[in-house]
Amino acid sequence: MIVTHTIENTRKAIRTLREKNGRLALVPTMGALHNGHLSLIKLARQHADFVVVSIFVNPEQFGPSEDFNSYPRDLDKDLEKCKNAHADIVFAPERIHVYGEKNVLSIGIDSLNRHMCGGSRPGFFEGVLLIVNKLFNIIKPDIAVFGQKDIQQFLIISRMIQEFNHDIELVMAPVERANDGLALSSRNAYLSDKERAAAPGLYRSLQYICSMMKQGVHSPELLIEHQKSELEAKGFKIDYLDLFSLKTIEPVHTLHKGSAYILAGAVLLGNTRLIDNLLIEL
Ligand code: AMP
């Protein structure tokens with residue numbers, strides 16, 4: 001496994017891999033790798049001959065009051081995990097390597113980011129697109145693997161690939177969960193024992209609402225409000241918990257057979273923000 005930090009060395013390492021002919025997959029991450037990330041690397045291996053993992057805590061996608069400084073970082077451990085997962089290259093740049101001294105251009109988003117995390121984290125997806133677009137241009141993968149855990153990110157990147165004409169196949173990895181259902185996340189490391197014990201409540205609420213929808217509830221609003229109150233009573237602060245159209249990421253109030261939905265929530269337990277979602281096709 002080759003570890004690179006600069007764009008120049010990364011391109012050199014990729015040129016050498018490309019000489020062997022084969023499909024190249026990219027798995028972008030912010031490090032503090034857990035089994036969710038490793039499942040992406042595994043899936044990438046199934047779709048490609050070579051796998052590049054990027055590890056970069058992207059400052060452009062954090063708001064001024066968010067956890068950029070405290071975000072967990074452990075490059076040595078991450079490299080060990082990437083090696084065990086048979087990654088070929090790990091690109092772990094510093095900020096200066098990808099952004100230089102100053103960026104003057106940005107990528108604007110007109111829709112798809114008005115709700116869910118885009119609604120509550122202004123500038124977040126613009127920052128995500130900036131780094132992902134750069135990674136696509138630096139690495140030029142045939143395939144890129146992203147997780148359903150960040151479904152809105154997946155959909156916006158899918159749109160960027162289409163509109164910016166990147167020749168990249170996007171692959172979605174399912175959500176990896178702990179035994180009690182909590183979606184794995186680097187931020188779970190922030191949770192106290194008590195918060196960790198409560199945390200799977202979000203997934204349980206999503207599952208309950210989903211099961212009622214599948215049983216024929218046509219207007220899930222009341223159901224959702226009730227689950228919000230239950231979660232609040234257990235100490236969760238709700239950022240959002242709602243049903244969205246998979247196509248537009250706009251909230252949906254009445255269900256239609258044959259349509260696809262995202263049932264998604266973002267909550268705070270103490271200071272830790274947790275997100276989760278289910279994809280529902282009726
Ligand atoms: P992050 O390091 O949090 O930016 O995540 C990097 C990639 O891993 C993204 O595509 C995420 O959607 C994905 N990911 C994060 N957590 C999970 C999980 N529990 N299961 C599957 N994929 C995940």
Side-chain angles (χ1 to χ4, degrees), residues 3-11 25-34 36-38 40-41 44 51-75 77-79 81-82 87 89-109 112-113 116-141 144-161 164 166 168 170 173 184-190 266 272-275:
V3 181
T4 61
H5 303 288
T6 64
I7 294 175
E8 198 190 343
N9 287 343
T10 308
R11 286 191 164 142
L26 168 66
V27 179
T29 81
M30 297 207 299
L33 300 182
H34 50 66
H37 297 113
L38 300 183
L40 266 60
I41 300 176
V51 178
V52 180
V53 178
S54 64
I55 297 178
F56 180 57
V57 184
N58 173 32
E60 296 292 325
Q61 69 189 66
F62 286 79
S65 60
E66 293 185 344
D67 57 346
F68 174 72
N69 287 325
S70 59
Y71 195 84
R73 293 162 169 88
D74 192 339
L75 186 58
K77 236 192 222 165
D78 287 348
L79 292 179
K81 288 178 183 172
C82 288
I89 300 174
V90 175
F91 176 41
E94 297 292 331
R95 180 193 182 123
I96 189 80
H97 296 130
V98 275
Y99 287 117
E101 292 296 341
K102 193 168 180 246
N103 250 300
V104 294
L105 302 182
S106 59
I107 301 178
I109 308 172
L112 300 179
N113 68 341
M116 293 178 59
C117 292
S120 35
R121 301 181 68 185
F124 171 63
F125 285 114
E126 287 82 351
V128 169
L129 286 192
L130 198 59
I131 190 64
V132 172
N133 196 48
K134 277 174 173 285
L135 290 170
F136 284 175
N137 285 323
I138 294 164
I139 290 155
K140 298 203 185 300
V145 184
F146 291 85
Q148 184 201 318
K149 161 99 186 315
D150 300 274
I151 182 70
Q152 190 173 18
Q153 167 174 282
F154 185 93
L155 295 170
I156 293 177
I157 289 170
S158 170
R159 189 70 182 214
M160 179 179 77
I161 286 178
F164 289 8
H166 285 292
I168 296 172
L170 203 54
L184 300 183
S185 163
S186 305
R187 289 192 169 97
N188 292 352
Y190 300 149
T272 308
R273 191 168 188 276
L274 303 175
I275 59 170

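Below, all heavy atoms of this structure are taken into account, side chains as well, without hydrogens, waters or symmetry copies. Along the sequence shown, residues are numbered consecutively beginning with 1. Bear in mind that the values here come from a model prediction, so they are computed numbers and not experimental data.
- When every heavy atom of L184 is checked against every heavy atom of G36, the shortest pair comes out as CD1-N, 3.6 Å.
- Atoms CD1 and NZ, from I168 and K140 in turn, are 8.5 Å apart once rounded to the nearest 0.5 Å.
- For D67 and R187, the salt-bridge test passes: some basic side-chain N is under 4.0 Å from an acidic carboxylate O.
- A side-chain contact (heavy atoms from CB on, under 4.5 Å) with P141 is found for exactly one of V51, V52, L26, namely L26.
- The stretch residues 119-137 participates, sequence neighbours left out, in these salt bridge (charged side-chain N to carboxylate O under 4.0 Å, His left out) pairs: E66-R121.
- Although no hydrogens or angles enter the test, the distance criterion places no donor-acceptor pair under 3.5 Å between the side chain of S54 and the main chain of F91.
- Counting only distance, with no hydrogens or angles, the side chain of H97 and the backbone of H5 share a donor-acceptor pair below 3.5 Å.
- Side-chain contact between I89 and V53 is absent, with no heavy-atom pair separated by less than 4.5 Å.
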Q) Please walk me through it: do M30 and F56 pass side-chain contact (heavy atoms from CB on, under 4.5 Å)? A) CA-CA 5 Å; M30 297 207 299; F56 180 57; over 6 Å; no
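- For the residue pair P28 and V145, the shortest heavy atom distance occurs at CD-O, 3.6 Å.
- For N58, the side chain to side chain donor-acceptor pair (under 3.5 Å) criterion is met by Q61, Y99, not counting sequence neighbours.
- The two residues G147 and L40 come nearest to each other via the heavy atoms N-CD2, 4.0 Å.
- Looking at residues two or more places apart in sequence or on another chain, you find a side chain to side chain donor-acceptor pair (under 3.5 Å) between T6 and N9.
- L112 approaches I156 most closely through the heavy-atom pair O-CD1, 3.6 Å.
- Residues satisfying the side chain to side chain contact (heavy atoms under 4.5 Å, CB included) test with S65, not counting sequence neighbours, are none.
- Among all heavy-atom pairs drawn from P93 and I55, the shortest one is CD-O, 3.5 Å.
- Between K81 and L38, some side-chain heavy-atom pair lies under the 4.5 Å cut-off.
- Listed by chain and number, the residues in a side chain to side chain contact (heavy atoms under 4.5 Å, CB included) with K149 are V175, A183, S185, I275 (sequence neighbours excluded).
- Under the 3.5 Å distance criterion, the side-chain polar atoms of N137 are matched with a main-chain donor or acceptor of N133.
- Rounding to the nearest 0.5 angstrom, the gap separating the CD1 atom in I107 from the CG atom in L130 is 5.5 Å.
- A search for ring-ring contact (aromatic ring centres under 6.0 Å, His included) contacts involving F136 returns H166, not counting sequence neighbours.
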Q) Yes or no on side-chain contact (heavy atoms from CB on, under 4.5 Å) for V3 and L79, after CA distance, side-chain angles and deciding distance? A) CA-CA 8 Å; V3 181; L79 292 179; 3.9 Å; yes
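- Interatomic distance, CG of L75 versus SG of C82, reported as 8.5 Å (0.5 Å rounding).
- Taking E101 as the reference, I96 meet the side chain to side chain contact (heavy atoms under 4.5 Å, CB included) condition, with sequence neighbours excluded.
- Relative to the ring axis of F68, R73 places its NZ or CZ within 45° and under 6.0 Å from the centre.
- Interatomic distance, SG of C117 versus CG of D150, reported as 7.5 Å (0.5 Å rounding).
- In this view, L170 and A144, F146, F154, I157, S158, I161 satisfy the side chain to side chain contact (heavy atoms under 4.5 Å, CB included) rule, not counting sequence neighbours.
- Side-chain atoms of D78 come within 3.5 Å of backbone N or O of L33 as a donor-acceptor pair.
- Looking at residues two or more places apart in sequence or on another chain, you find a side chain to side chain donor-acceptor pair (under 3.5 Å) between R159 and E163.
- For T272, the side chain to side chain donor-acceptor pair (under 3.5 Å) test picks out no residue, with sequence neighbours left out.
- Across all non-hydrogen atoms, the minimal contact from Q152 to G118 is OE1-N, 3.3 Å.
- Between the CG atom of N113 and the CD atom of Q153 there is a distance of 13.0 Å, given to the nearest 0.5 Å.
- For residues 90-99, every residue pair satisfying the salt bridge (charged side-chain N to carboxylate O under 4.0 Å, His left out) rule, not counting sequence neighbours, is listed here: E60-R95.
- Applying the ring-ring contact (aromatic ring centres under 6.0 Å, His included) test to F164 and every residue at least two apart in sequence or in another chain returns nothing.
- At a threshold of 4.5 Å between non-hydrogen side-chain atoms, the residues H34 and P72 do not count as touching.
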